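Note that ligands are numbered from 1 as they come in the structure, with each ligand's atoms numbered from 1 the same way. What you see is a predicted model; the values in this text were computed from it and never measured.
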Amino acid sequence: MNLSQMTKEQLEAFRDENQALYDSFKSQGLCLNMARGNPCKEQLELSVDMLNVFDDGNFISSCGTDVRNYGMLDGIPEAKKLFSEMIGVNEDEIIIFGNSSLNAMFFAVQTAFNKGVLGGTPWSKLDKVKFLCPVPGYDRHFKVTEFFGIEMINIPMSSTGPDMDMIEKLVAEDDSIKGIWCVPQYSNPDGISYSDETVKRFAALKPAAKDFRIFWDNAYCIHHLTDSPEYILNILEEAKKVGNEDIVYIFGSTSKITFPGAGVAVMGGSKKNIDDLKKHLGISIISYDKMNQLRHVKFFGTFDNMLAHMKKHMAIIAPKFKLVCDILNKEIAPLGIGSWTDPKGGYFISFNALNGCAKRIVQLCSEAGVTLTGAGATFPYGVDPDDKNIRLAPTYPPIEDLQKAMELFVICVKLVSAEKLLAEK
Ligand SMILES: Cc1ncc(COP(=O)(O)O)c(C=O)c1O
């Protein structure tokens, strides 16, 4: 029965029943974590053989460089070849970084701040700098812009991507808007892949600010959870078609392909953008970990092999996503007290509780030993205006733990929803 149709007496009984279930969970002293999108141990094991690829004693890159030494600031040629295919750029349109794409994004914002974009005024010298933030979104993106004192403007998401009418209007009329955060495929946390029309409209944006950049974080470009993957259009190709290729910075990494702690991160863009950023990069580092780059290339060989490797990830984590959705469908759907995504890829399930309930649900889970991503984290400044969105990260816990964590989660959702509806009676 839908909770909103219950009488006060029925709701009180429902609340008391779930309070008792909650109390008994609490006494179990659980300690489970489904806060961050970490791969589980079995996923990490998939890439361990990579550590043996230098058993042949050959440390020489295809360009003749010994990867153990300094040099090749922007990456070795075979890594550029492999990863340019992954993010859809040419081999002269990519920089291979260290192990973190977040770090590359920070570098791009920092460089714009200190040195400007393609010779423009450094953002630090401007009175106001603003960024558009599709919400819900990735908390660490928002932390980067918050760190630089950039004002963030929420942009609602729909099933085809962010609200493009709003974006086109805002960027056309306000030259202090310098960028937008996008996770275009299997977005974090909604799992939405941008439609062809959305990508084309992004590629053709005409911002008032010449130094406006789309931060196209394609972190989940090959992270499918089904055998019929979703693909998005190649934004750089689309932008080239309309003479707008400088508008986008593309990011990606192998954090959730090989190892989050020891993967390879990349950044792509027009040759002009990449050449300009490379000038600044060389001040902070002599060269990145080229042994790791070559390790990845030797391990995978081809991009097709990377895709085959991702199927092994899928076999491990797809059942975890299914478990979460099955429990929500069984326990929450009939009550009408939440909605959620059933993503075809990526790392998250986005749960929307009744307005005003997310913080308390996360708090109750935490008090009973299950840590979730903080409520509000998926919004700039940690403020979810409706206090309803909770990001669920099913990949890391063993499936038995996930089952337990979800059993507790649905009890908390029921309890908090009943409390809310009773308060409104
Ligand atoms: C959208 C998105 N971008 C970037 C990252 C972090 O990537 P990296 O490990 O390459 O810094 C994550 C990690 O969860 C993510 O969800």
Q. Which of the listed options, Tyr138, Phe97, Tyr220, holds the heavy atom that is closest to atom 16 (O) of ligand 1?
A. Tyr220
Q | Ring geometry between Phe215 and Phe251 (parallel below 30°, tilted from 30 to 60°, perpendicular above 60°) | A | parallel
**Q.** Proximal candidate to atom 14 (O) of ligand 1 [heavy atom criterion; set Lys256, Arg140, Gln185]
**A.** Lys256
Q | Asn389-Ser350 side chain donor-acceptor pair, cut-off 3.5 Å | A | yes
Q. Purely on distance, is any nitrogen or oxygen of Ser100 under 3.5 Å from one on ligand 1?
A. yes
Q) Nearest protein heavy-atom contact for atom 1 (C) of ligand 1: which residue, which atom, what distance? A) Asp217 OD2, 3.3 Å
Q.
Is it the case that the side chains of Asp304 and Thr302 hold a donor-acceptor pair, with the cut-off being a distance below 3.5 Å and no angle test?
A. no
Q: Please determine if His141 has a nitrogen or oxygen closer than 3.5 Å to a nitrogen or oxygen of ligand 1.
A: no
Q) Which atoms of ligand 1 sit under 4.0 Å from any heavy atom of Ser253? A) 8 (P), 10 (O)
(Q) For Phe97 and Tyr288, take the angle between the two ring planes, folded into 0 to 90°, and tell me which bin it lands in: parallel under 30, tilted 30 to 60, perpendicular over 60. (A) tilted
Q) Got the closest protein heavy atom to atom 9 (O) of ligand 1, with its distance? A) Ser255 OG, 2.6 Å
Q) Backbone, side chain, both or neither: what part of Ser101 comes under 4.0 angstrom of ligand 1, heavy atoms only? A) both
Q) For ligand 1, does Leu102 get within less than 4.0 Å through its side chain, its backbone, both, or neither, judged by non-hydrogen atoms? A) both
Q | Ligand-side contact atoms (ligand 1) for residue partner Ala219, heavy atom cut-off under 4.0 Å | A | 1 (C), 2 (C), 3 (N)
Q) What closest approach, in Å, do Tyr138 and Asn188 show between heavy atoms, and which atom pair accounts for it? A) CD1-ND2, 3.0 Å
Q) With sequence neighbours excluded, what pairs up with Thr258 under the side-chain hydrogen bond (donor to acceptor under 3.5 Å, both in side chains) test? A) Thr254, His296
Q: Give the ring-plane orientation class for Tyr347 versus Tyr220, where under 30° counts as parallel, over 60° as perpendicular and anything between as tilted.
A: parallel
